[in-house]
Amino acid sequence: MSVNVVLEGQIITKLPIPTFHILVGNLVKNALACTEEGRVDLVVSDNVLSVVDTGCGLSGKPGGESYGLGLMIVRDICEKYKCTFSLQDNELAGCTASVVFPVYP
C-alpha cells in the first residue's frame, strides 16, 4: 500500500491546530482501515481536503457510510466549524472523504 500527499493548493482555516490534526487523522485512519492494498491519497486543494482510497468502498464495511466513531467525530468538527463533509464511493474502487473549509476574507 502507498500513501501519497498531493498539494494542489492550500487550506486556510480557523480550526485550532489540535482539532485539525484530529480531523485529518480520523479521515486517514478510516481510509487506511478500509484499504488492505492499493493506495490512499491526501489531496489538498484550495480550502478542500480530500482523502481518496482504493479500498472496499462504503458497502464493504458494516454500516456503510456511518461506519466508525472517527467519521462521527469528523462530522461533529465540520458542523461546529462550518465545514462541509462528504463521503462517496469512487467509480472504480474505494471512496473519497472530502472536507470543504469556509473561505475567510
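Owing to the predicted nature of the structure, the values given are computational and were not obtained by experimental measurement.
Atom CG in Leu71 sits 4.0 Å away from atom CG in Asn30 (nearest 0.5 Å). Atoms CD1 and CG, from Ile22 and Leu15 in turn, are 10.0 Å apart once rounded to the nearest 0.5 Å. The SG atom of Cys83 lies 14.0 Å from the CZ atom of Arg75; values are rounded to the nearest 0.5 Å. Atom OG1 of Thr19 and atom CG of Leu23 lie 9.0 Å apart (nearest 0.5 Å). Separating the OG1 atom in Thr13 from the NZ atom in Lys82 is a distance of 12.5 Å, to the nearest 0.5 Å.
For the pair Tyr81 and Pro16, the tightest heavy-atom approach, listed with the atom from each and the gap, is OH-CD, 3.4 Å. Shortest non-hydrogen contact noted between Leu27 and Ala97 is CD2-CB, 3.8 Å.
Hydrophobic cluster membership is shared by Phe101 and Val28, with clusters built from Ile, Leu, Val, Met, Phe, Trp and Tyr side chains linked at under 4.5 angstrom. Both Val40 and Leu7 are members of a single hydrophobic cluster when ILVMFWY side chains are connected at heavy-atom separations under 4.5 Å. When the side chains of ILVMFWY residues are joined at heavy-atom separations under 4.5 Å, either directly or via intervening members, Val100 and Phe85 end up in two distinct hydrophobic clusters. Both Leu69 and Leu58 belong to a common hydrophobic cluster when Ile, Leu, Val, Met, Phe, Trp and Tyr are linked at side-chain heavy-atom distances under 4.5 angstrom. Using a 4.5 Å cut-off between side-chain heavy atoms of Ile, Leu, Val, Met, Phe, Trp and Tyr, with links allowed through other members, Val3 and Val5 fall into the same hydrophobic cluster.
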Which pairs of donor and acceptor atoms, one on a side chain in residues 44-55, lie under 3.5 Å apart (sequence neighbours left out)?
residue : atom : partner : partner atom : Å
Asp46   : OD1  : Gln10   : N            : 3.1
Asn47   : OD1  : Ile12   : N            : 3.0
Ser50   : OG   : Ser98   : OG           : 2.9
Asp53   : OD1  : Gly55   : N            : 2.9
Asp53   : OD1  : Cys95   : N            : 3.2
Thr54   : OG1  : Arg39   : N            : 2.9
Thr54   : OG1  : Arg39   : O            : 3.4

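Within a 6.0 Å radius of CD in Glu8, other residues, nucleotides and ligands contribute more than 12 heavy atoms.
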